[in-house]
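Okay, so here's the structure we're looking at.
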Number of protein chains: 2
Amino acid sequence: MSGNQKPALRFAVLAIDVALFAVLDRRLSVLLIPVDRPPHFLNRRGLPGGLIAPEETAEQAVARHLRDKAEVSRVYVEQLATFSGIDRDPRGRVVSVAYLGLMPAEQAAAVPLALGQRWVPVEQAKHLAYDHDEILAAACERLRARLGYSTIARHLLPREFTLTELQQTYETVCGRAFDKRNFRKKLLEVGIVHPTGKMRTGQPSRPAELHRFAGTGVSVIVLF
Amino acid sequence: MSGNQKPALRFAVLAIDVALFAVLDRRLSVLLIPVDRPPHFLNRRGLPGGLIAPEETAEQAVARHLRDKAEVSRVYVEQLATFSGIDRDPRGRVVSVAYLGLMPAEQAAAVPLALGQRWVPVEQAKHLAYDHDEILAAACERLRARLGYSTIARHLLPREFTLTELQQTYETVCGRAFDKRNFRKKLLEVGIVHPTGKMRTGQPSRPAELHRFAGTGVSVIVLF
DNA sequence: GCAAAAGTGTTGCCGGTACACCCATGC
DNA sequence: GCATGGGTGTACCGGCAACACTTTTGC
């Protein structure tokens with residue numbers, strides 16, 4: 001381990017893994033794929049991922065693997081952390097750059113399940129293969145934190161949404177309730193969402209006004 | 001840049017880079033080493049770093065390179081982000097896990113400069129080799145942010161310090177002044193620092209009481 | 001005794017939180 | 001007309017920011 005080791009220019013095996021979240025049925029859920037790699041992992045589940053090719057960035061690898069393996073495209077992702085534990089993959093040394101991804105519920109519902117992949121509520125996503133428990137825990141923690149000081153929630157919702165839907169998204173991810181009046185006041189006066197004038201009708205209740213996030217992309221704010 | 005380069009660098013090589021900070025002479029400074037790699041980088045400077053060996057984690061690689069190259073040991077480091085731009089190293093594909101490191105001023109002053117390495121105020125650390133400008137910018141931003149909601153500042157100070165030294169450290173990193181009474185009140189009532197009873201004498205002014213950070217390690221708080 | 005930095009409390013204001021009722025629609 | 005969720009305003013309280021003078025030492 002000390003400096004008298006010859007610089008090892010051998011191939012590094014570099015991978016990406018993605019904790020892709022959606023709020024489904026009022027639960028924070030993560031997309032898991034089947035893992036069956038005898039002798040170490042039999043009938044387990046894990047996060048989607050794969051190797052980084054020699055001529056692509058980690059971000060491009062994320063997009064490629066989500067497209068090819070999960071038939072998922074146009075998702076928001078951001079880098080989480082890199083996991084370099086020596087034995088994280090028992091087959092050999094694999095260093096993984098982990099990403100946090102988000103999807104609106106409707107888009108998540110349209111993800112094909114033919115490949116055995118499933119949306120699983122995070123509290124049930126335990127005993128994953130490799131070190132994916134650890135990656136998932138880091139991703140959850142990061143998501144919860146970012147919700148409070150960024151507009152990242154926009155990527156968990158469709159373009160237009162009601163304020164109740166927005167609030168429920170926050171409540172589901174953060175695991176606690178917010179006061180309806182304070183929540184609306186805050187988001188509107190900070191100016192990160194604004195009303196469209198359109199109404200959502202068809203429910204057996206008073207119609208709700210549809211809103212949109214202001215601007216594009218994720219910006220930094222202070223919400224709570 | 002593509003696969004037709006020489007074999008040793010044909011696929012991704014994994015490296016670490018460290019933005020190692022210290023507050024010296026009331027300036028936030030970063031440790032830079034000389035970079036002389038014809039034909040791309042002549043007489044430039046860059047962050048210390050090096051390759052990750054096959055049997056060590058990224059954290060171990062950081063410790064090893066700092067020890068071997070900069071003769072620096074026992075520093076606090078935390079992972080920053082991974083940089084995987086395809087052309088970030090013109091010699092070939094190198095993916096780098098970047099780290100943020102911190103040192104107390106006295107320890108930084110004791111770092112040997114024989115190897116050409118220098119502590120450089122961050123505002124003068126421009127035009128670095130590779131993508132190190134980008135890494136350094138990310139590190140500065142992260143350091144400033146973490147100062148406000150963690151006790152990370154403990155690693156920029158010696159074990160015992162005066163409240164004025166602590167405040168100056170915050171002011172230097174954040175680039176703005178704080179009110180003396182409010183600053184002390186906050187840090188003391190939150191309980192992250194506590195007085196030792198010892199005094200620092202020898203200056204031509206009233207002696208100041210020495211303080212310590214409570215507990216060990218970095219914890220999460222809200223300061224401002 | 002003078003220069004230099006240490007130490008110490010109070011007040012006003014703003015923002016966060018707690019809280020309850022009427023409204024519009026589908027059936 | 002009734003069930004369901006949508007939408008709205010106020011009052012209190014606590015935390016943050018602004019602010020100036022006295023104290024202790026070295027020289």
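Chain A is the first sequence line, chain B the second, and so forth, proteins listed ahead of strands; every chain is numbered from 1.
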Check your understanding: Can you list every pair that meets ring pair (Phe, Tyr, Trp, His ring centres under 6.0 Å) and has a residue in residues 187-215 of chain A, with sequence neighbours left out?
Key -> A:Phe161-A:Phe213
Exercise for review: Using whole Å, report how far NZ of A:Lys186 lies from P of D:dG9.
Suggested key: 19 Å
Exercise for review: Whole angstrom is fine here: how far is it from CZ in A:Phe178 over to P in C:dC19?
Suggested key: 17 Å
Exercise for review: Can you tell me the distance, in whole Å, between the CG atom of A:Leu188 and the C1' atom of D:dG9?
Suggested key: 14 Å
Check your understanding: Among pairs that include at least one residue of residues 210-224 of chain A, which meet salt bridge (charged side-chain N to carboxylate O under 4.0 Å, His left out), considering only residues two or more places apart or in two chains?
Key -> A:Glu160-A:Arg212
**Study point:** Between C:dA5 (P) and B:Met199 (CE): distance, integer Å
**Key:** 18 Å
**Study point:** side chain to side chain donor-acceptor pair (under 3.5 Å) against A:Ser96, all qualifying residues, sequence neighbours excluded
**Key:** A:Asp17
**Study point:** Qualifying salt bridge (charged side-chain N to carboxylate O under 4.0 Å, His left out) pairs, either residue in residues 62-73 of chain A, two or more places apart
**Key:** A:Glu56-A:Arg64
Exercise for review: For residues 167-190 of chain A, pull every pair meeting salt bridge (charged side-chain N to carboxylate O under 4.0 Å, His left out), keeping only residues two or more places apart or in separate chains.
Suggested key: A:Arg26-A:Glu171
Revision key, fill the gap. Residue set satisfying side chain to side chain donor-acceptor pair (under 3.5 Å) with A:Ser29, at least two apart, ordered chain then number -> none
Exercise for review: To the nearest Å, give me how far apart CZ (A:Arg184) and P (C:dT17) are.
Suggested key: 17 Å
Check your understanding: Can you find a side-chain donor-acceptor pair between A:Thr82 and B:Thr82 that sits under 3.5 Å?
Key -> yes
Point to revise | Nucleic acid footprint by protein, nucleotides 19-27 of chain D - heavy-atom cut-off 4.0 Å, B for base, S for sugar-phosphate alone | key: BB--BBBS-
Review point. In whole Å, what is the span from the CG atom of A:Leu187 to the P atom of C:dG16?
Key: 12 Å
Check your understanding: Please give, in whole Å, the distance from C:dG16 P to A:Leu223 CG?
Key -> 10 Å
Study note, to complete from the structure: Residue set satisfying side-chain contact (heavy atoms from CB on, under 4.5 Å) with A:Pro34, at least two apart, ordered chain then number -> none
Revision key, fill the gap. Under a 4.0 Å heavy-atom cutoff, the residues of residues 158-176 of chain A touching DNA chain C are none
Revision key, fill the gap. Here the salt bridge (charged side-chain N to carboxylate O under 4.0 Å, His left out) pairs for residues 95-110 of chain B, sequence neighbours left out, are none
**Study point:** Check against ring-ring contact (aromatic ring centres under 6.0 Å, His included), B:Tyr130 and B:Phe83
**Key:** CA-CA 11 Å; B:Tyr130 312 108; B:Phe83 292 78; over 10 Å; no
Check your understanding: Between the two end axes of the helix from C:dG1-D:dC27 to C:dC27-D:dG1, each built from 5 base pairs, what angle do you get to the nearest 10°?
Key -> 10°
Check your understanding: For B:Glu78, what residues pass the salt bridge (Lys or Arg N to Asp or Glu O under 4.0 Å) criterion, not counting sequence neighbours?
Key -> B:Arg142, B:Arg146
Review point. Within this structure, what is the CD-to-C1' distance between A:Glu209 and C:dA24, rounded to whole angstrom?
Key: 14 Å
